Visitor: 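The structure that follows is given in the form of structure tokens.
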Amino acid sequence: QVQLVESGGGLVQTGGSLRLSCAASGRSFGNSVMGWFRQAPGKERNFVGSISRSGGYTAYADSAKGRFTISRDNTKNTVYLQMSSLKPEDTAVYYCAADLHIRGPYDSGSWFSSDYHYWGQGTQVTVSS
């Protein structure tokens, strides 16, 4: 069992930065690929990025490339999403998720929400224009 709690969301102006954190409980964190997704009002939940078990490999949606960075600290059971150059279209609830499938060390994870087993409650990010 893995419990995930996101934090760090808030209101920021266009061009600003935020760092989201996702704290995990449970012994499976180090064996889990972790993902970040987001959901805007009235829209589907979309992949933002993911990170391999060790943290050495990442993948990003096109909308996040060059602006967002995912990292993790397995000693703290925490994964981070550093967001910069934020735009109003980044406004959404951001969720972290844990994928407990057995994946290789170079596997940065799945883009599909259905592949993730556990989800946090989400944190709201609002970017004002």
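Computation of the quantities below employed the complete heavy-atom set of this structure, encompassing side-chain atoms and omitting hydrogens, waters and symmetry-equivalent molecules. We count residues from 1, following the sequence as given. Everything numeric here is computed off the predicted structure, so don't read it as measured data.
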Visitor: Do you know which two heavy atoms are closest between Leu81 and Phe68, and how far apart they sit?
Guide: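 Closest pair (atom of Leu81, atom of Phe68, distance): CD1-CB, 4.1 Å.
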Visitor: Of all residues at least two apart in sequence or in a different chain, which pass the side chain to side chain donor-acceptor pair (under 3.5 Å) check with His101?
Guide: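 Side chain to side chain donor-acceptor pair (under 3.5 Å) list for His101, sorted by chain: Asp99.
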Visitor: Less than 3.5 Å apart, which donor and acceptor atoms pair up between the side chains of residues 13-25 and the rest of the protein, not counting sequence neighbours?
Guide:
unit_1	atom_1	unit_2	atom_2	d
Thr14	OG1	Ser128	O	2.7

Visitor: Which salt bridge (Lys or Arg N to Asp or Glu O under 4.0 Å) pairs, counting each pair once, include a residue from residues 30-51, with sequence neighbours left out?
Guide: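 Non-adjacent pairs meeting salt bridge (Lys or Arg N to Asp or Glu O under 4.0 Å): Arg38-Asp90.
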Visitor: Determine whether more than 12 heavy atoms belonging to other residues, nucleotides or ligands lie under 6.0 Å from atom CD of Gln121.
Guide: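 Yes, the 6.0 Å shell around CD holds more than 12 heavy atoms from other groups.
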Visitor: Partners of Tyr57 by ring pair (Phe, Tyr, Trp, His ring centres under 6.0 Å), sequence neighbours excluded?
Guide: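 With sequence neighbours excluded, Tyr57 shows a ring pair (Phe, Tyr, Trp, His ring centres under 6.0 Å) to Tyr106, given in chain and number order.
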Visitor: Does one hydrophobic cluster hold both Tyr94 and Ile51, with members joined at side-chain heavy-atom distances below 4.5 Å?
Guide: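 Yes, Tyr94 and Ile51 fall within the same hydrophobic cluster.
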Visitor: Who else is in Val5's hydrophobic cluster (ILVMFWY, side-chain heavy atoms under 4.5 Å, direct or via others)?
Guide: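 None, because no other hydrophobic side chain comes under 4.5 Å of this residue.
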Visitor: Of all residues at least two apart in sequence or in a different chain, which pass the salt bridge (charged side-chain N to carboxylate O under 4.0 Å, His left out) check with Asp107?
Guide: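 In terms of salt bridge (charged side-chain N to carboxylate O under 4.0 Å, His left out), with neighbours along the sequence ignored, Asp107 is linked to Arg103.
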Visitor: So how far is it from Asn77 CG to Gln3 CD, rounded to the nearest 0.5 Å?
Guide: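 Atom-to-atom, Asn77:CG and Gln3:CD are 12.0 Å apart.
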Visitor: For Tyr116 together with Phe37, are the ring centres under 6.0 Å from each other?
Guide: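 Between Tyr116 and Phe37, which both carry aromatic rings, the centre distance is below 6.0 Å.
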Visitor: Mark yes or no for whether Tyr60, through its side chain, and Arg67, through its backbone, hold a donor-acceptor pair below 3.5 Å.
Guide: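 No, because the side chain of Tyr60 does not come within donor-acceptor range (under 3.5 Å) of the backbone of Arg67.
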Visitor: By the salt bridge (Lys or Arg N to Asp or Glu O under 4.0 Å) test, which pairs, at least two apart or in different chains, include something from residues 47-63?
Guide: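 Every salt bridge (Lys or Arg N to Asp or Glu O under 4.0 Å) pair that includes a residue of residues 47-63, provided the two are not neighbours, is Asp62-Lys65.
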Visitor: For residues 100-129, which residue pairs qualify under disulfide bond (SG atoms under 2.5 Å apart), counting only residues two or more places apart or in two chains?
Guide: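 Residue pairs with at least one partner in residues 100-129: there are none.
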Visitor: What disulfide bond (SG atoms under 2.5 Å apart) pairs are there with at least one residue in residues 23-73, not counting sequence neighbours?
Guide: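 Output for this query is empty, none listed.
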Visitor: Which residues pass the side chain to side chain contact (heavy atoms under 4.5 Å, CB included) test with Ser71, not counting sequence neighbours?
Guide: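 Only Tyr80 meet the side chain to side chain contact (heavy atoms under 4.5 Å, CB included) criterion with Ser71.
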Visitor: Would you say Ser110's side chain and Phe112's backbone share a donor-acceptor pair under 3.5 angstrom?
Guide: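 Yes, Ser110 side chain to Phe112 backbone: donor-acceptor pair under 3.5 Å.
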Visitor: Residues two or more places apart in sequence or in another chain: which of them pass side chain to side chain contact (heavy atoms under 4.5 Å, CB included) with Thr126?
Guide: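 So Thr126 forms a side chain to side chain contact (heavy atoms under 4.5 Å, CB included) with Leu11, Thr91, Gln124.
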Visitor: Using the side chain to side chain contact (heavy atoms under 4.5 Å, CB included) criterion, which residues pair with Ser54? Sequence neighbours excluded.
Guide: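 Scan of Ser54 (side chain to side chain contact (heavy atoms under 4.5 Å, CB included), adjacent residues dropped) gives Ser52.
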